[in-house]
Protein chains: 2
Amino acid sequence: MAIDTAFTELSSFLGDRISRSKPVLDQHGGSETHFAPAPPDIVVWPKDTSEISRILRICNQAGIPVIPFGAGTSLEGHTSATKGGVCLDMARMNRVLSHDPGDMIARVEAGLTREELNHELRAVGVFFPVDPGANATLGGMAATRASGTTTVRYGSMRQNVLGLTVVLADGRVIRTGSQAPKSSSGYDLTALFLGSEGTLGIITELTLRLHGQPEEIRAGICAFPDMASAVGAVQQVIQMGLSIARIEFVDDATARAFNQYAGTEMAECPHLLVEFHGSPVAVSEANTLFDEISQDFGATGYEHATKTEDRNALWKIRHHAFYAVQSLRPGAHALVTDICVPISKLADAVEETRDDIEASILPGPILGHVGDGNFHAILLIDPESPEELAVAKDLAERMSRRALALGGTITGEHGIGMGKLHLMAEEHGDGWAVMGDIKSALDPRNILNPGKLVPQGT
Amino acid sequence: MAIDTAFTELSSFLGDRISRSKPVLDQHGGSETHFAPAPPDIVVWPKDTSEISRILRICNQAGIPVIPFGAGTSLEGHTSATKGGVCLDMARMNRVLSHDPGDMIARVEAGLTREELNHELRAVGVFFPVDPGANATLGGMAATRASGTTTVRYGSMRQNVLGLTVVLADGRVIRTGSQAPKSSSGYDLTALFLGSEGTLGIITELTLRLHGQPEEIRAGICAFPDMASAVGAVQQVIQMGLSIARIEFVDDATARAFNQYAGTEMAECPHLLVEFHGSPVAVSEANTLFDEISQDFGATGYEHATKTEDRNALWKIRHHAFYAVQSLRPGAHALVTDICVPISKLADAVEETRDDIEASILPGPILGHVGDGNFHAILLIDPESPEELAVAKDLAERMSRRALALGGTITGEHGIGMGKLHLMAEEHGDGWAVMGDIKSALDPRNILNPGKLVPQGT
């Protein structure tokens with residue numbers, strides 16, 4: 001069998017960094033969500049770009065699928081080895097290769113997590129801002145074009161990756177982008193690989209844009225009488241161009257869940273959580289303006305603070321939201337939806353989603369990065385109930401279609417993977433066929449993370 | 001002949017919006033720079049996307065090249081019809097289709113110029129920030145991934161285009177991106193077409209990100225004892241994350257040229273010109289900080305103002321720089337170079353370039369968008385002297401190689417066209433072959449702006 005031959009060939013240079021043991025395969029073939037387990041045939045732990053190049057040459061010749069694996073925090077089945085093959089566990093490639101405060105850039109290996117990077121940068125007064133919540137690897141974040149709470153201020157991976165080292169399907173190694181802040185030199189291959197979910201090449205190294213630690217950080221939270229007023233305040237803040245580093249929404253169900261979970265007595269209504277970064281003068285100005293705007297929309301009890309421990313206390317509901325919501329239904333699985341709409345359509349999108357969930361049998365608190373028009377419902381389902389899974393999938397699908405009808409997109413930050421493949425034609429029309437053409441051109445044998453993102457062969 | 005048949009077929013639905021008259025062809029086959037005239041066989045003025053789709057179906061079947069043409073302000077021979085064919089003059093597609101201040105976005109046709117758009121937006125308090133100097137069309141700016149003086153604050157076309165309507169080689173129409181602020185939905189086709197220079201598809205409509213008119217604008221200028229101190233101040237400003245909307249450099253030669261041209265008595269030394277956008281408090285804080293930093297680097301005579309006419313007076317040297325430099329040598333042609341380097345390498349890049357030009361026979365003042373690490377030398381050559389053209393090309397090529405050696409790129413904003421084709425392999429290695437593979441996949445008959453950007457068939 002091709003896979004046995006490949007195992008022998010790979011073992012010859014990977015030493016003990018290769019495994020076919022069942023627990024290891026299972027660990028790499030699961031998913032954070034509802035997808036059926038789909039383990040690879042082999043897991044390898046490459047240590048550098050040239051080793052990955054060698055692995056890909058072997059797999060490409062043999063037509064064996066290759067699935068890159070970061071921290072395994074993806075939510076759309078991105079790492080499932082639906083056709084078997086070799087899983088590239090990037091855990092050993094977790095070095096910071098260089099960081100240059102003069103240029104505010106860092107070069108890192110793809111298996112480094114964002115928290116590891118920021119830990120290393122703390123001493124030099126800079127940080128990497130993209131924060132998807134999970135402590136994902138930077139390669140995984142690049143592969144899904146991740147964003148998160150700070151995107152409203154600092155941008156997503158799209159704005160914060162200057163260049164990539166990528167191993168192509170046939171083993172060739174390319175370096176995209178440069179260390180300059182911008183370029184008009186040919187097709188934007190960096191942008192093409194960002195969000196390509198391992199289907200066009202294996203991202204092995206990244207050049208990242210860093211940002212200075214803000215002189216001051218102020219965080220705040222306030223309560224709104226209803227969803228519409230909270231979202232209205234967000235729209236006003238964004239339209240005024242207020243310099244805000246984070247602006248997060250949690251709904252009344254999340255507040256209720258948090259009170260139960262943490263034994264607190266928060267008002268059980270929608271909240272906005274905000275953070276301002278900058279000079280004390282600029283932060284104070286923005287903070288005052290936010291307070292005024294939110295009061296115009298009926299907000300009450302605005303609390304804010306600058307000290308780290310006080311800020312963490314104010315933001316506790318956001319940091320613990322996922323666990324608080326899960327505790328509503330112990331043992332349940334979460335299906336986390338993810339859509340993004342134009343800011344002007346945010347209130348419609350959130351309210352229609354809330355109504356749709358309330359009319360269903362499932363609990364599904366709503367929260368999100370509303371400054372980007374991006375929000376999630378956390379649908380809690382009985383893992384033993386196919387019926388509940390079907391209901392959750394229907395709700396998620398209606399959310400996606402709602403986003404499209406409002407001029408938005410079926411995913412703000414989680415990506416396509418397998419979970420949203422069936423909606424791609426609706427969003428992109430012939431653009432999806434173009435994605436397939438690009439895939440075929442770069443990976444003619446379809447070895448790179450097959451079964452994800454692009455149209456699947458007939 | 002195929003072209004005659006195409007002319008007949010195109011005439012059947014284009015009415016008087018088609019021409020084969022020699023003056024029209026010549027006007028569309030010239031270039032702003034030194035490239036030999038290369039007129040198309042036919043010029044058409046399509047009025048909408050579906051007409052362009054029809055034109056492309058015809059041309060693709062007949063294997064006739066199609067060259068999109070905006071305002072003709074490109075500097076690298078992008079619109080030369082080196083293989084004849086049909087030039088798509090986008091002048092009739094210059095409508096603002098919609099603008100929504102609620103979402104801070106506008107939908108426009110590709111033939112609209114940026115000044116026309118901003119004129120229309122002025123009344124509603126928003127603007128489109130990308131400013132490459134020339135009054136280019138927005139489609140052309142997208143096709144070259146243009147940037148300019150405000151990129152240090154607002155980003156380039158990469159950050160300010162949310163979506164595109166594109167007609168593919170075979171006439172299919174796709175819509176990339178969405179109206180949502182971000183998306184993780186599949187390959188980033190918007191980014192792929194930005195900077196593709198008409199070689200992958202014809203951009204017919206754009207969804208643009210708008211920005212609120214700043215509450216206050218303050219502009220300033222100061223003089224530095226030498227190039228190194230001016231560039232040092234820029235590095236410090238960028239590294240501190242000072243909120244600056246523009247930061248432009250002009251060298252001593254530019255100041256001398258401007259004094260001659262305008263009869264002024266500016267200090268004939270390097271200058272920095274800056275602009276701050278924001279609330280009065282934020283602008284004042286940034287302005288004071290800039291003044292302090294620049295004084296640390298030896299700057300003198302910092303003048304600044306907020307009223308429009310005063311700001312324009314302070315920035316006169318920048319607005320008239322190109323004409324002032326050209327007046328140094330009446331009748332000369334300008335070859336404008338364009339490189340971009342990491343901020344930490346800016347001083348090296350600028351000084352080595354200055355020394356290289358001074359050792360040559362040509363005048364070549366240096367200026368640029370130094371906040372992005374991007375600068376230009378304006379090399380003045382006798383249009384009758386092949387020797388001077390060769391010297392200028394050598395200087396430009398050494399600049400490009402210098403940029404690569406310093407971790408930068410051969411073009412910050414002008415693009416590749418024909419002028420930098422021979423340097424692409426040096427910058428991108430096998431990445432250039434990947435660009436060629438994408439080109440072949442999307443335009444198998446190579447009808448879209450042939451001879452530009454990608455590897456040319458053997």
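Here is the naming used below: chain letters follow the sequence lines, and residue numbers restart at 1 for every chain.
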Subject >> From V234(A), V237(A), L289(A), N287(A), residue fulfilling side-chain contact (heavy atoms from CB on, under 4.5 Å) relative to I244(A) >> reply: V237(A)
**OP:** Would you mind checking which part of N374(B) comes under 4.5 Å of any heavy atom in chain A, side chain (CB onward), backbone (N, CA, C, O), both or neither?
**Re:** side chain
Original post:
Contact part of D338(B) toward chain A, heavy-atom cut-off under 4.5 Å: side chain, backbone, both or neither?
Top reply: neither
Original post:
To the nearest 0.5 Å, what is the distance between CG (L164(B)) and CE (M157(B))?
Top reply: 8.5 Å
Original post:
Hey, which of A403(A), S279(A), G155(A) has the most heavy atom pairs under 4.5 Å with chain B?
Top reply: S279(A)
**OP:** For the residue pair H277(B) and Y154(B), categorise the inter-ring angle as parallel (less than 30°), tilted (30 to 60°) or perpendicular (more than 60°).
**Re:** tilted
**OP:** Between chain B and each of G373(A), C340(A), S243(A), P214(A), count heavy-atom pairs under 4.5 Å; write down the option with the most.
**Re:** C340(A)
Subject >> Toward chain A, the part of L168(B) with a non-hydrogen atom under 4.5 Å >> reply: side chain
Original post:
If only atom types and distance count, is the side chain of K439(A) paired as donor or acceptor with the main-chain N or O of L200(A) below 3.5 Å?
Top reply: no
Original post:
Of all of L406(B), V152(B), T409(B), I410(B), which one pairs up most often with chain A through heavy atoms under 4.5 Å apart?
Top reply: T409(B)
Subject >> chain B contacts, top residue of V341(A), T411(A), I174(A) (heavy-atom pairs, under 4.5 Å) >> reply: T411(A)
Original post:
By a 4.5 Å heavy-atom criterion (distance strictly below it), what part of V166(B) contacts chain A: side chain, backbone, both, or neither?
Top reply: neither
Original post:
With no hydrogens and no angle check, do the side chains of T199(A) and N449(A) hold a donor and an acceptor under 3.5 Å apart?
Top reply: no
Original post:
Is a side-chain donor-acceptor pair under 3.5 Å present for H78(B) with E197(B)?
Top reply: yes
Original post:
In terms of heavy-atom proximity below 4.5 Å to chain B, should L442(A) be classed as side chain, backbone, both, or neither?
Top reply: side chain
**OP:** Let me see the working for M141(B) and V130(B) under side-chain contact (heavy atoms from CB on, under 4.5 Å), right down to the final yes or no.
**Re:** CA-CA 9 Å; M141(B) 287 166 63; V130(B) 185; 3.7 Å; yes
Original post:
Given the options T190(A), V126(A), I343(A), which has more heavy-atom pairs under 4.5 Å with chain B than any of the others?
Top reply: I343(A)
**OP:** Hey, could you give me the OG/CG distance between S344(B) and L346(B), rounded to the nearest 0.5 Å?
**Re:** 9.0 Å
Subject >> Options G241(B), G412(B), A146(B), S156(B), ranked by heavy-atom pairs under 4.5 Å with chain A, top entry >> reply: G412(B)
Original post:
What part of T151(B) gets closer than 4.5 Å to chain A, counting heavy atoms only: side chain, backbone, both or neither?
Top reply: side chain
Original post:
Side-chain donor-acceptor pair under 3.5 Å between T144(B) and E413(B), yes or no?
Top reply: no
Original post:
For chain A, which residues from residues 175-186 of chain B lie under 4.5 Å away (heavy-atom distances)?
Top reply: S178(B), Q179(B), A180(B), P181(B), K182(B), S183(B), S184(B), S185(B), G186(B)
Original post:
So how far is it from I416(A) CD1 to W432(A) CH2, rounded to the nearest 0.5 Å?
Top reply: 9.0 Å
Original post:
Just by distance, do the side chain of T288(B) and the backbone of S284(B) share a donor-acceptor pair under 3.5 Å?
Top reply: yes
Subject >> Mutual orientation of the aromatic rings belonging to H211(B) and F127(B) [parallel < 30°, tilted 30-60°, perpendicular > 60°] >> reply: tilted
**OP:** Drop me the distance from R153(A)'s CZ to F276(A)'s CZ, to the nearest 0.5 angstrom.
**Re:** 11.0 Å
Original post:
Relative to chain A, which of R158(B), M240(B), M424(B) shows the most heavy atom pairs under 4.5 Å?
Top reply: R158(B)
Original post:
Which bit of M104(A) comes within less than 4.5 Å of chain B, counting heavy atoms only: side chain, backbone, both or neither?
Top reply: side chain
Original post:
What residue in G278(A), A286(A), S196(A), A433(A) has the most heavy-atom pairs under 4.5 Å with chain B?
Top reply: S196(A)
Original post:
Any idea which of D103(B), D437(B), D100(B) has the most non-hydrogen atom pairs under 4.5 angstrom with chain A?
Top reply: D103(B)
**OP:** State the CD1-NE2 distance between I247(B) and H369(B), to the nearest 0.5 angstrom.
**Re:** 13.0 Å
Original post:
Under a 4.5 Å heavy-atom cutoff, which of V454(A), L453(A), L194(A) has the most pairs with chain B?
Top reply: L453(A)
Subject >> Region of M435(B) in contact with chain A, defined by heavy-atom distances below 4.5 Å >> reply: both
